[in-house]
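Notes to accompany the following structure.
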There are 2 protein chains.
Amino acid sequence: MSLARLPPSDSPLYEQVRARLIEGISAGEWKAGEAIPSEADLAGGFGVAIGTIRKAVDSLVAERALVRRQGKGTFVTAHEGSRLLFHFFHIAGRDGRRVLPEVRTIAFRRDRADRETAQALAIAPADKVIRIRNVLSLEGRPRIVDDIALAAELFPGLTEKTFVARNNTIYHLYQSRYGINVLRTDERLRAVLAEGELAALLEVPPGAPLLEIRRIALTFRDRPVELRVSRVETSSHHYHNTLGKELG
Amino acid sequence: MSLARLPPSDSPLYEQVRARLIEGISAGEWKAGEAIPSEADLAGGFGVAIGTIRKAVDSLVAERALVRRQGKGTFVTAHEGSRLLFHFFHIAGRDGRRVLPEVRTIAFRRDRADRETAQALAIAPADKVIRIRNVLSLEGRPRIVDDIALAAELFPGLTEKTFVARNNTIYHLYQSRYGINVLRTDERLRAVLAEGELAALLEVPPGAPLLEIRRIALTFRDRPVELRVSRVETSSHHYHNTLGKELG
DNA sequence: AAGTGGTCTAGACCACTAG
DNA sequence: TAGTGGTCTAGACCACTTC
C-alpha cells in the first residue's frame, strides 16, 4: 500500500515520498486524471509534515507528472486533447504559431526488432514489435511522415483498428488503454534528403531537404516506450525549441 | 537598494522577493560568480520569513540564474568553461557524446539591421549591429557555420580583436565584459540545402542537406541579446534535445 | 460549511565550508 | 567555531471549489 509509514532511510523524506508517489502512479493505483490523496491525508499516512509532502509534490508538478488544482486536489497528469500534443509536438508555422496536424495511418504491421530498434526500446533483438507509419498533414498538405516502433509486449491487443479509431493523440492512447504515461522524450535531429517513397508521400522532389527527428519516448524511470522517426518538410514550417526556462 | 522592505502589493511575497533578486542581478549589484546575501540576511532585509526567501531562490535556481553551494552561499550563475557551453550547445556525435567545437572567426563587421534582424533583436530597423561569422570544427573538420548578429548598443567597444581573443565561450564574453547573462534561448530548426560559400566552408557539395538553427538568445525579462543562424552538417553529428524533465 | 491547495511564519536540527 | 544552505516540523490564515 502506498500510504504507509516510510521505512528508515538515509535519503531525505521528501525524496522517499516522491518515490512512493511515482510508484503509486506507475502501478496504476491512481490513474491518469484521477486525484491523489489530499496533502493532509498523505502527510498523515506517511507520518511526515505537510510541508514535506508539498516539496515532493512540487517536484512532480515541475516534471508535469502531477497537476494541482486549487480547491479540488492534486491530479495525475492526463494527456487530454491538445495539452499533451503541444507538449511534445514542436512543429510550428512561419509565424511561430502551432498548427494542429491531421493524422493518417498508412501502415500497421507486426515485426521483429532489429538491432537498432531493440536498443532504442531496451528489448532483446528479435523481440516482437509493432510498426506504424503515419502521414501528418498541416493545413491540408502532407508535411510529416512518422515511423513508429513499439514493444509489442507493452501494448497487448493493440490492433490497427483500435489504433486508427483513437479520437485523440497517440500518447493519450498509450495512457488511457495501457496506463503508460509518456513523461519525457529524447530527440536527435538531423538534415537528410528526400528520396523514394518518402519524397512521394511528402509530395516533394527527391533531393529536397527534410528534417529527421529520431525520438525515444520515456515513461517513469526512463523506461523507453516508443521509438519514432519523423521526417519533416520544413519549407513552410519549423521545429521550435526553447531552452533554459522551464519554471515560472 | 535591493535589501529594503517590500512595498504593499497583491502578488505573493516570494514573487516580489524573486523580482527584487532579478533586479539586483540584472542591475549588476551582484555580479556573475558572486554570492548574494545569505538567506537569513535577505529575510531580515526584506522583512519576510526565511522560508519565503527559499521559495524565491528556489525558482531562480530552477531557472539556473542562481546556484546554491551548501555551507558557502548562493551565487549568481557564472558561465565558466564547458558548463554553459553544453547548456546551449546541443550538437553531439553518433554515440550521443558531446564534442568540443573549435571556433574560428572568419568575419567581423559593423552593419545596419535589416528588418528581420531588427525584429529578432527588438531594435529599430537601421540600428547599428555587429555581424560575425564563425566556422566551428568538430574533430578537426568544419561542421557548423554560425552567423551572429548583435545589437551594437549592448556591446560598446567590442572589436574583432577582443572577440577573437576570448579564451572562453561567446556567452561567457557577453557576461564577463558586458554583464549580460544569457538565460534562455528560442530556437527554430529547419532543413536546408548547402550552396555557394556555405557549401565550400563546410566542405560539402552543393545540394547536401544542412540543419539550419535560428536562435535568439535572451537575458532577464526575455530581452533579446543575440541572433544566431547556424548551419550544421549532420552526417556525422546530430542536434540533441531532451523534453519533459528539467527538475530532479 | 467543509475540504482542498496556496502562502507565510518561526523555529529546530543537520551537513557542509572555512578560518 | 561560526556561518552557510538543507531538511523538517507545526501551525496560521487565505483563496478556491463543492455541497
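If you're wondering where the values come from, they're calculated on a predicted model, not measured in any experiment. Proteins come first, then strands; the chains are lettered A, B, ... in the order of their sequence lines, and each starts at number 1.
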Residue list, side-chain contact (heavy atoms from CB on, under 4.5 Å) with Lys72(A), at least two apart or on another chain: Arg69(A), Phe75(A)

Do Leu42(A) and Val17(A) make a side-chain contact, defined as non-hydrogen atoms from C-beta onward lying under 4.5 Å apart? no

Heavy-atom side-chain contact between His240(A) and His238(A) under 4.5 Å: yes

I need the minimum non-hydrogen distance between Val57(A) and Thr74(A), along with the two atoms involved. CG1-CG2, 4.1 Å

Out of dT17(C), dT18(D), dA15(D), which has the shortest distance to the side chain of Lys72(A)? dT18(D)

Can you list the stems that DNA chain C is part of, where a stem is at least 3 pairs in a row, each Watson-Crick or G-U, with both distances below 3.5 Å? C:1-18 with D:1-18

Which pairs would a plain distance check flag for residues 151-163 of chain B, meaning a side-chain donor or acceptor within less than 3.5 Å of a matching protein atom at least two apart in sequence or in another chain?
| unit_1 | atom_1 | unit_2 | atom_2 | d |
| --- | --- | --- | --- | --- |
| Thr159(B) | OG1 | Lys161(B) | N | 3.4 |
| Thr159(B) | OG1 | Thr162(B) | N | 3.2 |
| Thr159(B) | OG1 | Thr162(B) | OG1 | 3.3 |
| Thr162(B) | OG1 | Thr159(B) | N | 3.2 |
| Thr162(B) | OG1 | Thr159(B) | O | 2.9 |

Once side-chain contact (heavy atoms from CB on, under 4.5 Å) is applied, do any residues pair with Asp146(B), and if so which ones, sequence neighbours excluded? Asn134(B), Leu136(B), Ile144(B), Ile148(B), Arg228(B), Ser230(B)

Distance check needed: dG5(C) P versus Leu66(A) CG, whole Å only. 11 Å

To the nearest angstrom, the CD-C1' distance between Gln70(A) and dG5(C) comes to 6 Å

How would you list, by chain and number, every residue that makes a side-chain contact (heavy atoms from CB on, under 4.5 Å) with Glu139(A), sequence neighbours excluded? Val99(A), His237(A)

How long is the span from the CZ atom in Arg215(A) to the CD1 atom in Ile213(A), to the nearest 0.5 Å? 7.0 Å

Output yes when at least one side-chain N/O atom of Arg68(B) is less than 4.0 Å from OP1 or OP2 of dG6(D), else no. yes

Phosphate contact (dG3(C) OP1 or OP2) by Ser38(A) side-chain N/O below 4.0 Å: no

If a protein heavy atom is under 4.0 Å from the base, mark B; if only from the sugar-phosphate, S; if neither, -; do that for nucleotides 7-13 of chain C going 5' to 3'. BSB----

